[in-house]
Amino acid sequence: MDRYTVLLADDEEEVIQVIMKKIDWEGLGFSVIGYANNGVKALEMVEEFQPDVVMTDIKMPYMDGMELANRVKTEYPATKLLIFTGFDEFEYAKEAVHLEVEEYLLKPVNSVELTGVFSSLKTKLDQEISEKQNVEILQKYYMESLPLLQANFYSTLIEGRISGEELDKYMGDYQITLEGPYFCCLVIHTSSGQVPENMSPMLLATAVQKQAEERLGKRWRARCFAYLGNTVLIAQLKSESEASELTDECDRFCKYARRIIGAVVTVGVGQVCRGILELSSSYSSAREAVSYRVIYGASRAVNIKEIAPQETGETEMINDTELAKLFKAIRMSSDEEVKKAVNHYLEHAAFPVKSLQQHHVTVMELVSAMYRFKANNDLDIEGFSEDMRTLYGRLIDMDPEALKKWLTDICLSCRGKLITARSRSTRSFVQKAEEYVREHYADEELSLDNICQVLGVSNSYFSTMFKKEKGTSFIGYLTDYRMEQASRLLLETDEKNYVIAKEVGYADPNYFSYVFKRRFGVSPVKYRAEQREQRAEHTESEK
């Protein structure tokens with residue numbers, strides 16, 4: 001990593017300006033990504049930029065430095081913390097050893113002392129990243145990965161090749177416990193096309209697997225192993241509703257892997273299941289979720305239940321490889337690629353048959369498979385409105401070009417309906433979120449977490465889709481709506497600021513004034529006075 005990023009937080013801007021100007025940040029290997037004058041704003045910037053270092057004062061409005069440090073250490077444990085404060089709080093700050101703060105500095109901060117602190121911190125950060133990327137350590141870990149018998153058991157389990165009678169014996173012999181009560185398979189795909197220098201794809205995948213075990217394993221009591229070129233985790237959940245929280249944590253892991261070890265990682269989150277023997281279905285859906293990176297992008301978590309709720313019905317395994325390729329193209333490819341897939345299927349499955357009887361069987365299998373595909377994806381059975389026997393007879397008598405046109409039309413229709421269904425699903429929960437804001441904007445506890453719990457989706461997916469649909473973040477939308485209501489109340493009523501603040505969801509009237517001024521450029525009091533004066537002048541001019 002060329003430079004590490006630093007976020008400064010202090011309500012005294014002159015202090016921040018002195019620190020920014022008197023330190024040779026570039027020479028030390030750091031860059032200041034910005035500064036915040038209160039703890040709330042600092043936390044927002046940490047969530048957006050995920051800096052390597054946060055340097056904060058203790059005394060700040062809306063959220064003090066100790067609370068900020070605690071939130072950062074809990075949600076972003078890799079971020080280093082520096083605290084600088086006045087003499088009267090110095091000893092108090094040093095007592096907070098549980099925050100694992102790198103250094104406590106006494107104001108006024110001495111540039112020589114601060115330079116020394118950041119020099120030492122640079123060495124520590126370099127060492128930590130070097131350890132994560134050290135080829136010899138990764139090679140050793142690769143050779144000493146999970147015991148062969150356990151890895152073989154997990155692989156056999158997700159393949160669905162273990163019977164109920166064998167399960168207890170295998171788990172006892174291999175000293176494996178899976179308590180659940182709910183389970184969910186995660187498939188972690190590491191791109192082999194974007195690999196850092198001096199790192200092979202195999203070792204990069206090993207690094208990702210090690211980090212996945214460290215960052216996801218303990219919280220989710222996960223079993224981690226390599227399978228078919230990917231890393232697979234069997235996560236254990238206390239309830240089905242934890243799937244959204246799991247998805248968000250996987251999404252943060254993808255960004256962490258990209259920033260720290262340079263890996264482009266996609267995590268597929270499968271369906272939640274109740275029994276251990278159902279893990280094969282969860283794994284299949286997780287693998288399918290990973291495939292959706294071609295639609296939703298890499299370096300993120302994709303929950304199959306969220307991105308394709310209408311496509312998660314029970315699907316029968318299709319033995320014909322060419323049909324599987326065709327259905328995959330319908331789900332995730334362009335019109336032209338769907339047409340190519342149709343041609344490829346017909347050339348390899350329908351036409352090269354050796355007898356008329358084989359051709360009849362192939363057409364019957366095609367119609368049955370297309371019917372199941374439509375039914376399992378909740379699509380109307382267009383093209384199958386006539387009696388099935390009549391349809392078979394008509395298709396069997398078609399020449400190759402007519403059959404190709406029939407199949408192409410149905411496949412393109414399916415693709416279009418799937419796209420529409422996904423878009424409708426996105427618009428639906430965005431509209432529900434807007435309605436919820438209109439009804440609950442006065443609730444002080446309304447947040448991104450709340451709305452995601454109401455909708456039953458993960459924060460990462462909701463945030464991505466909401467911003468794509470509305471062009472702004474949910475918090476930005478909520479703030480704008482509250483400010484619109486506040487401006488209306490200022491003009492239509494004579495209520496005090498603190499009353500209006502509470503009516504639009506702000507417990508702290510000072511913070512309400514801060515946000516209002518940031519939105520309108522003036523304080524609420526001045527806004528009310530100016531607007532009423534303008535209205536009075538306008539009314540007078542009309543007379």
Side-chain angles (χ1 to χ4, degrees), residues 158 182-194 205 208-209 211-212 215-216 220 222 224 227-235 237 240-259 263-273 279-313 315 327-333 376-377 415 418-419 421-430 448 452 455-469:
I158 64 174
Y182 294 90
F183 305 93
C184 181
C185 260
L186 309 176
V187 173
I188 302 178
H189 173 79
T190 304
S191 172
S192 59
Q194 300 182 57
V208 170
Q209 179 172 331
Q211 292 302 308
R215 295 180 66 85
L216 299 173
W220 300 101
C224 181
Y227 183 72
L228 296 182
N230 294 317
T231 295
V232 179
L233 269 72
I234 299 175
L237 286 65
E240 289 184 273
S241 62
E242 284 189 333
S244 295
E245 183 182 348
L246 172 61
T247 303
D248 284 330
E249 193 160 345
C250 289
D251 199 69
R252 289 194 291 269
F253 171 74
C254 292
K255 293 177 174 59
Y256 170 84
R258 182 67 177 268
R259 186 168 59 89
V264 177
V265 174
T266 306
V267 179
V269 182
Q271 297 175 5
V272 176
C273 60
L279 280 167
S280 58
S281 297
S282 182
Y283 168 72
S284 297
S285 60
R287 260 192 102 178
E288 182 180 356
V290 167
S291 300
Y292 275 85
R293 67 186 183 277
V294 300
I295 295 177
Y296 295 98
S299 286
R300 62 164 297 161
V302 182
N303 187 318
I304 190 65
K305 184 179 179 181
E306 293 176 343
I307 57 99
Q310 71 283 2
E311 299 172 30
T312 57
T315 57
F327 292 154
K328 184 175 182 180
I330 293 172
R331 288 175 181 273
M332 291 179 284
S333 300
N376 290 332
N377 287 278
R415 176 181 179 273
L418 285 176
I419 292 172
R422 291 181 195 131
S423 177
R424 188 184 302 118
S425 176
T426 298
R427 287 196 299 270
S428 175
F429 76 65
V430 169
L448 179 61
C452 289
L455 297 175
V457 297
S458 65
N459 291 17
S460 58
Y461 178 68
F462 174 79
S463 297
T464 299
M465 293 298 103
F466 190 92
K467 190 166 187 178
K468 182 178 180 181
E469 187 74 17

Cut-off 3.5 Å, side chains only: do [X] and [Y] have a donor facing an acceptor?
{"X": "Thr266", "Y": "Arg293", "answer": "no"}
{"X": "Glu242", "Y": "Trp220", "answer": "no"}
{"X": "Ser458", "Y": "Glu306", "answer": "yes"}

Taking the side chain as everything from C-beta on, heavy atoms only, tell me whether [X] gets closer than 4.5 Å to [Y].
{"X": "Val208", "Y": "Ile188", "answer": "yes"}
{"X": "Val302", "Y": "Val267", "answer": "no"}
{"X": "Glu240", "Y": "Gln271", "answer": "no"}
{"X": "Met465", "Y": "Val457", "answer": "no"}
{"X": "Leu216", "Y": "Leu233", "answer": "yes"}

Would Val265 and Arg300 count as a side-chain contact (heavy atoms from CB on, under 4.5 Å) if you check the C-alpha gap in whole Å, the side-chain angles of each, and the deciding distance to 0.1 Å?
CA-CA 7 Å; Val265 174; Arg300 62 164 297 161; over 6 Å; no
Which is it for Val290 and Asn230 under the side-chain contact (heavy atoms from CB on, under 4.5 Å) test, yes or no, and what are the steps along the way?
CA-CA 10 Å; Val290 167; Asn230 294 317; 5.7 Å; no
Does [X] use its side chain to pair, donor to acceptor, with the backbone of [Y] at less than 3.5 Å?
{"X": "Asp251", "Y": "Ala301", "result": "yes"}
{"X": "Asn459", "Y": "Asp248", "result": "no"}
{"X": "Ser285", "Y": "Ser282", "result": "yes"}
{"X": "Thr231", "Y": "Tyr227", "result": "no"}

If you count every heavy atom of other residues, nucleotides or ligands that lies below 6.0 Å from Lys467 atom NZ, does the total exceed 12?
no
Taking atom CZ of Arg415 as the centre, does the number of heavy atoms from other residues, nucleotides or ligands within less than 6.0 Å exceed 12?
yes
Test salt bridge (charged side-chain N to carboxylate O under 4.0 Å, His left out) applied to Arg331 and Glu288, step by step:
CA-CA 10 Å; Arg331 288 175 181 273; Glu288 182 180 356; 3.0 Å; yes
Pair Thr247, Phe462 - check side-chain contact (heavy atoms from CB on, under 4.5 Å), show working.
CA-CA 11 Å; Thr247 303; Phe462 174 79; over 6 Å; no
Phe429 ring center within less than 6.0 Å of Tyr461 ring center
yes
